[in-house]
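Worksheet: one structure, shown below.
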Amino acid sequence: MAETEPTVNHAPATLSARASRLLRQSFGYIVGAVCLIWVFHDIDIGRFWEEIQGVNWWWIAPAVAFDIASYVIQGLRWRLLLRPAGRISLLQAVQAIYAGLFTNEVFPMRFGELVRAYLASRWASTRFVAVIPSMAVERLFDGVWLALGIGMAAIFVPLPKNLLEAGDVLGVIVLVGTAVFLYAALRTQRAQHQPVALEAAGRKPWRALKSAVGHMAGGLHTLGRSRSFYAAFGLSLLLLLCQSLAFWLVMRAYELRFSFWVGLAVLLILHLG
């Protein structure tokens, strides 16, 4: 009789993997719960309850819808800008954005931007530094539309002098950022025919920094030549409109009967801050 091969029981290994995954997920939820408790620990529950009782929830529902839509649009925009570096799903992009927003609510210095960049680099199986150009271009797009938004709002709403001055400063920053972007893209394009052996340049810190800057410049050059660059720029306007509508609808829910342009002006002040 032919010998039968011994059967291997994979059940313990499978159970161990499931337990490990469940433990990691539980740890994440516990950390999230602790952070939420910290965010809301100094809120007066009685006063908060009185305030929400006077809210018109018929306005809140579409406000929530527009707010969620704005982050979905941001995820779609970021996904388009990430294509030269790697591909992630729309759901993953939105998850990374929400994770970054949540982190920013807990930690200072916008630490959440690093968190979402790390998540995107991990899911896209690419280098962390390769994700940075897409986020830099996001900020450039936001700056362009914010500057234009301040100009439009100033036509319909008497804006404070400080806000107008801030808009002028923002306009200068946008111009400088655009010039840096064009310089990086064009310089990378000229250098394509002059390959540099970075591996043989040594291991000094400034060499590593030069290599990282070179990778980011290459990413900016690739972004500027891609079709998704222009689609992402158009989505940035749609993103700002959705955020403005969400903010204005919340104002209406609190019986603040101002025009849409007033809501836009307040939102622009928040963005500038």
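Below, all heavy atoms of this structure are taken into account, side chains as well, without hydrogens, waters or symmetry copies.
By the 4.5 Å heavy-atom criterion applied to side chains, R116 and L101 are not counted as neighbours. Side-chain contact between L81 and E138 is present, with heavy atoms from C-beta onward closer than 4.5 Å. In this structure the side chain of V137 never reaches within 4.5 angstrom of the side chain of P133, judged on heavy atoms. Inter-residue side-chain proximity for S134 and W78 is flagged as met; some heavy-atom pair is nearer than 4.5 Å. M135 has its side chain within reach of V131: a pair of non-hydrogen atoms, C-beta onward, lies under 4.5 Å apart. Under the 4.5 Å side-chain criterion, counting only non-hydrogen atoms from C-beta, F128 is in contact with L114. For the pair F247 and V262, the minimum side-chain heavy-atom distance is 4.5 Å or more.
The two residues A232 and L80 make their nearest non-hydrogen contact at N-CD1, 4.2 Å. In this structure, A120 and L82 approach most closely via the heavy-atom pair CB-CD1, 4.1 Å. What you find for A99 and L119 is that their closest heavy atoms are CB-CD1, 3.8 Å. Shortest non-hydrogen contact noted between L76 and L90 is N-CD1, 3.4 Å. For the residue pair L264 and G149, the shortest heavy atom distance occurs at CD2-O, 4.3 Å.
Both L267 and M152 are assigned to one and the same hydrophobic cluster, defined by single-linkage of ILVMFWY side chains at heavy-atom distances under 4.5 Å. Hydrophobic clustering (side-chain heavy atoms under 4.5 Å, transitive across Ile, Leu, Val, Met, Phe, Trp, Tyr) keeps L22 apart from V31. Using a 4.5 Å cut-off between side-chain heavy atoms of Ile, Leu, Val, Met, Phe, Trp and Tyr, with links allowed through other members, I155 and W261 fall into the same hydrophobic cluster. Follow the hydrophobic side-chain contacts under 4.5 Å out from L270 and you reach L148 in the same cluster. Residues I150 and F156 are members of one and the same hydrophobic cluster, defined by side-chain heavy-atom contacts under 4.5 angstrom among Ile, Leu, Val, Met, Phe, Trp and Tyr.
Between L237 atom CG and L241 atom CG the span is 4.5 Å, to the nearest 0.5 Å. How far CE of M251 is from CZ of F260: 10.5 Å, rounded to the nearest 0.5 Å. Rounding to the nearest 0.5 angstrom, the gap separating the CD atom in Q74 from the CG atom in L238 is 12.0 Å. Here CD of E113 is found 4.5 Å from CZ of R110. Values are rounded to the nearest 0.5 Å.
In this structure, the ring of Y71 has its center less than 6.0 angstrom from the ring center of Y98. Aromatic pair F258/W248: centroids not less than 6.0 angstrom apart.
Judged by distance alone, the side chain of W145 and the main-chain N or O of F233 form a donor-acceptor pair under 3.5 Å. Not one N or O on the side chain of Q243 forms a donor-acceptor pair closer than 3.5 Å with the backbone of L240. At least one donor-acceptor pair closer than 3.5 Å links the side chain of R79 to the backbone N or O of I88.
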What do the steps show when you test V115 against F102 for side-chain contact (heavy atoms from CB on, under 4.5 Å), and what is the final call?
CA-CA 10 Å; V115 172; F102 183 80; over 6 Å; no
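Side-chain contact, R77 with S236: a donor N or O sits under 3.5 Å from an acceptor N or O.
Heavy-atom contacts from other residues, nucleotides or ligands closer than 6.0 Å to CZ of R252 number more than 12.
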Could you list the donor-acceptor pairs under 3.5 angstrom formed between side-chain atoms of residues 59-70 and any protein atom two or more places apart in sequence or on another chain?
{"unit_1": "S70", "atom_1": "OG", "unit_2": "D67", "atom_2": "O", "d": "2.5"}

